[in-house]
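The structure appears right after this line, and notes come after that.
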Amino acid sequence: MAATTIPQVTLHSSSGHRKMPVIGLGTAPEATSTVTTKDAVLEAIKQGYRHFDAASAYGVEQSVGEAIAEALKLGLVQSRDELFVTSKLWVTDNHAHTIVPALQKSLRTLQLEYLDLYLIHWPIATKPGKVVYPIEVSEIVEFDLKGVWESMEECQKLGLTKAIGVSNFSISRLEKLLSFATIPPAVNQVEVNLGWQQQQLREFCKEKGITVTAFSPLRKGASRGANLVMDNDILKELSDAHGKTVAQICLRWLYEQDLTFVVKSYDKDRMKQNLGIFDWSLTEDDYKKIAEIHQDRLIKGPTKPLLDDLWE
């Protein structure tokens, strides 16, 4: 089976103009998955995936690292440099003095010498401690964005990561960050899907040269009730018209918006289908229908209770 070649985008503020494959495999844990993260990453590499999105809070860094080591041993990739690996800093380490050690710990767990991209997971800091989700509001402390970003820049200067970025940042938070950053964020990873299209934020990021990576691009999570995207009649209609799956319609739309995206599927066939989006296009008529889809944010925040001032 020939592996799919995946288009790439250049991250503007990265060291050595690092290129990021537009589609990545997400590794956030899912209770229902019967496939291990290690096996899923190995299968993905066989299919042509080269971009893997992890986070210290997911508890998967060890498995991702083991899969990469195995892929190298089996000769599925010739060198580590062929892969693009992202991890994220959890809120407990979102303090100027804990960031370099947190990244070094992630690297040890992943058995890697460097990351391609290191992200601030949420624009929130809590008291140091164990990962607890949802975050208890009583644990939140002041988030020193300037001090934190200087430490993120230090991570890139030290060569521990090729690029640095943020996740779940609104326009106003990005504006604040850009006002003092000497290395601007390469990426803002946020929820984008056909049920939450984020047009203003996307336009702002484009203007500032920040690559947007979409998480929850298929708006998954059966536990969260009906899926506004996968169960959408408009999208089922487009799927029939193109002879594609609803997921392929969703991902093709993201690709045509010049976005990058991380898709969480450990199912071998769906992984393959999710790569089948590069040799066909949506029509103007499709776009008119897509514009009618009801908009509602899926991931409203990581805290209990929710914060009022997290988004715009």
Side-chain angles (χ1 to χ4, degrees), residues 11-15 53-59 61 86-109 114-191 201 204-205 208-213 215 297 299-312:
L11 299 181
H12 294 304
S13 61
S14 60
S15 307
D53 182 80
S56 63
Y58 298 165
E61 289 175 323
T86 300
S87 197
K88 308 182 194 85
L89 171 84
W90 189 239
V91 295
T92 46
D93 290 317
N94 217 350
H95 309 278
H97 65 287
T98 49
I99 288 173
V100 172
L103 174 48
Q104 287 168 327
K105 185 181 176 193
S106 281
L107 290 171
R108 281 196 301 275
T109 311
Y114 67 88
L115 285 180
D116 296 281
L117 179 62
Y118 196 41
L119 301 176
I120 296 174
H121 207 146
W122 286 96
I124 295 170
T126 64
K127 296 166 197 160
K130 285 201 173 78
V131 173
V132 179
Y133 196 90
I135 299 157
E136 291 293 339
V137 168
S138 60
E139 291 290 299
I140 292 178
V141 294
E142 195 190 340
F143 176 39
D144 168 24
L145 180 58
K146 194 165 196 285
V148 160
W149 194 252
E150 281 169 5
S151 298
M152 292 290 285
E153 292 177 336
E154 184 63 17
C155 290
Q156 185 168 329
K157 288 174 189 160
L158 289 168
L160 299 173
T161 182
K162 302 282 182 198
I164 51 178
V166 295
S167 183
N168 300 297
F169 268 51
S170 61
I171 291 175
S172 58
R173 286 181 202 275
L174 288 170
E175 282 176 331
K176 186 180 169 189
L177 174 54
L178 291 169
S179 71
F180 52 69
T182 55
I183 302 174
V187 167
N188 185 19
Q189 185 179 123
V190 290
E191 178 190 343
L201 179 64
F204 177 85
C205 288
K208 301 292 180 191
I210 300 169
T211 296
V212 172
T213 298
F215 70 72
R297 189 190 293 278
I299 309 295
K300 302 204 176 1
T303 60
K304 203 173 102 184
L306 292 168
L307 301 175
D308 306 335
D309 60 350
L310 190 59
W311 315 109
E312 307 289 70

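FYI, side chains are in, hydrogens and waters are out, and symmetry mates aren't considered; it's all heavy atoms of this structure. Sequential numbering from 1 along the given sequence is applied to the chain's residues.
No side-chain heavy atom of Leu177 sits under 4.5 Å from any side-chain heavy atom of Pro184. Using a 4.5 Å heavy-atom cutoff, the side chains of Leu174 and Cys205 are in contact. In this structure, Trp122 and Leu307 have side chains that are not in contact, with every pair of non-hydrogen atoms separated by 4.5 Å or more. In this structure the side chain of Leu201 never reaches within 4.5 angstrom of the side chain of Val212, judged on heavy atoms. Side-chain contact between Val100 and Cys155 is present, with at least one heavy-atom pair separated by less than 4.5 Å. Residues Val131 and Ser56 fail the side-chain proximity criterion, which asks for heavy atoms closer than 4.5 Å.
Aromatic ring orientation, Tyr133 versus Trp90: tilted (interplanar angle from 30° to 60°).
A donor-acceptor pair is defined here as one N or O able to donate and one able to accept, closer than 3.5 Å; such a pair exists between the side chain of His95 and the backbone of Thr126. Glu191 places a side-chain N or O within donor-acceptor distance of the main-chain N or O of Ile299, the cut-off being under 3.5 Å. In terms of modelled atom types and a separation under 3.5 Å, the side chain of Thr213 and the main chain of Gln189 share no donor-acceptor contact. Within the 3.5 Å criterion, the main-chain N or O of Leu117 finds no donor-acceptor partner in the side chain of Lys162. Without hydrogens or angle criteria, Gln156 side chain to Ser13 main chain gives a donor-acceptor distance under 3.5 Å. Counting only distance, with no hydrogens or angles, the side chain of Thr86 and the backbone of Asp53 share no donor-acceptor pair below 3.5 Å. In this structure, the side chain of Trp311 does not engage the main chain of Gly301 through any donor-acceptor pair within 3.5 Å.
Taking NZ from Lys146 and OG from Ser179, the interatomic distance works out to 8.5 Å, rounded to the nearest 0.5 Å. Between atom CD1 of residue Ile171 and atom CG of residue Leu178 there is a gap of 11.5 Å, rounded to the nearest 0.5 Å. Remark: Ser151 OG to Ile120 CD1 distance equals 9.5 Å, nearest 0.5 Å. Once rounded to the nearest 0.5 Å, the distance linking OH of Tyr58 with NE2 of His121 reads 4.0 Å. Annotation: the span from Met152 atom CE to Ile183 atom CD1 amounts to 10.0 Å, rounded to 0.5 Å. Atom CD1 of Ile140 is separated from atom CG of Asn94 by 11.0 Å, given to the nearest 0.5 angstrom.
Annotation for Ser106 and Glu61: closest pair OG-OE2, 2.7 Å, computed over non-hydrogen atoms. Across all non-hydrogen atoms, the minimal contact from Lys88 to Ala54 is NZ-O, 3.1 Å. Taking all atoms of both residues into account, the shortest heavy-atom contact from Asn168 to Asn188 is N-OD1, 3.7 Å. Counting all heavy atoms, side chain and backbone alike, Leu107 lies closest to Leu115 at CD2-N, 3.6 Å. The minimum heavy-atom distance between Ile124 and Val91, with the atom names listed, is O-CG1, 3.3 Å. Of all heavy-atom pairs between Phe204 and Glu175, the closest is CZ-CG, 3.5 Å.
Annotation for Lys105: atom NZ does not count as buried by contact number, only 12 or fewer foreign heavy atoms lying within 6.0 Å. Counted within 6.0 Å of NZ on Lys300, heavy atoms from surrounding residues, nucleotides or ligands total more than 12; the atom is thus considered enclosed.
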For this session: Apply the test side chain to side chain contact (heavy atoms under 4.5 Å, CB included) to residues Gln104 and Leu160: give CA-CA distance (whole Å), side-chain angles for both, the deciding distance (0.1 Å), then the verdict.
Result: CA-CA 8 Å; Gln104 287 168 327; Leu160 299 173; 4.1 Å; yes
Exercise. Does the pair Ile164 and Lys157 meet the rule for a side chain to side chain contact (heavy atoms under 4.5 Å, CB included), with working shown?
Worked result: CA-CA 10 Å; Ile164 51 178; Lys157 288 174 189 160; over 6 Å; no
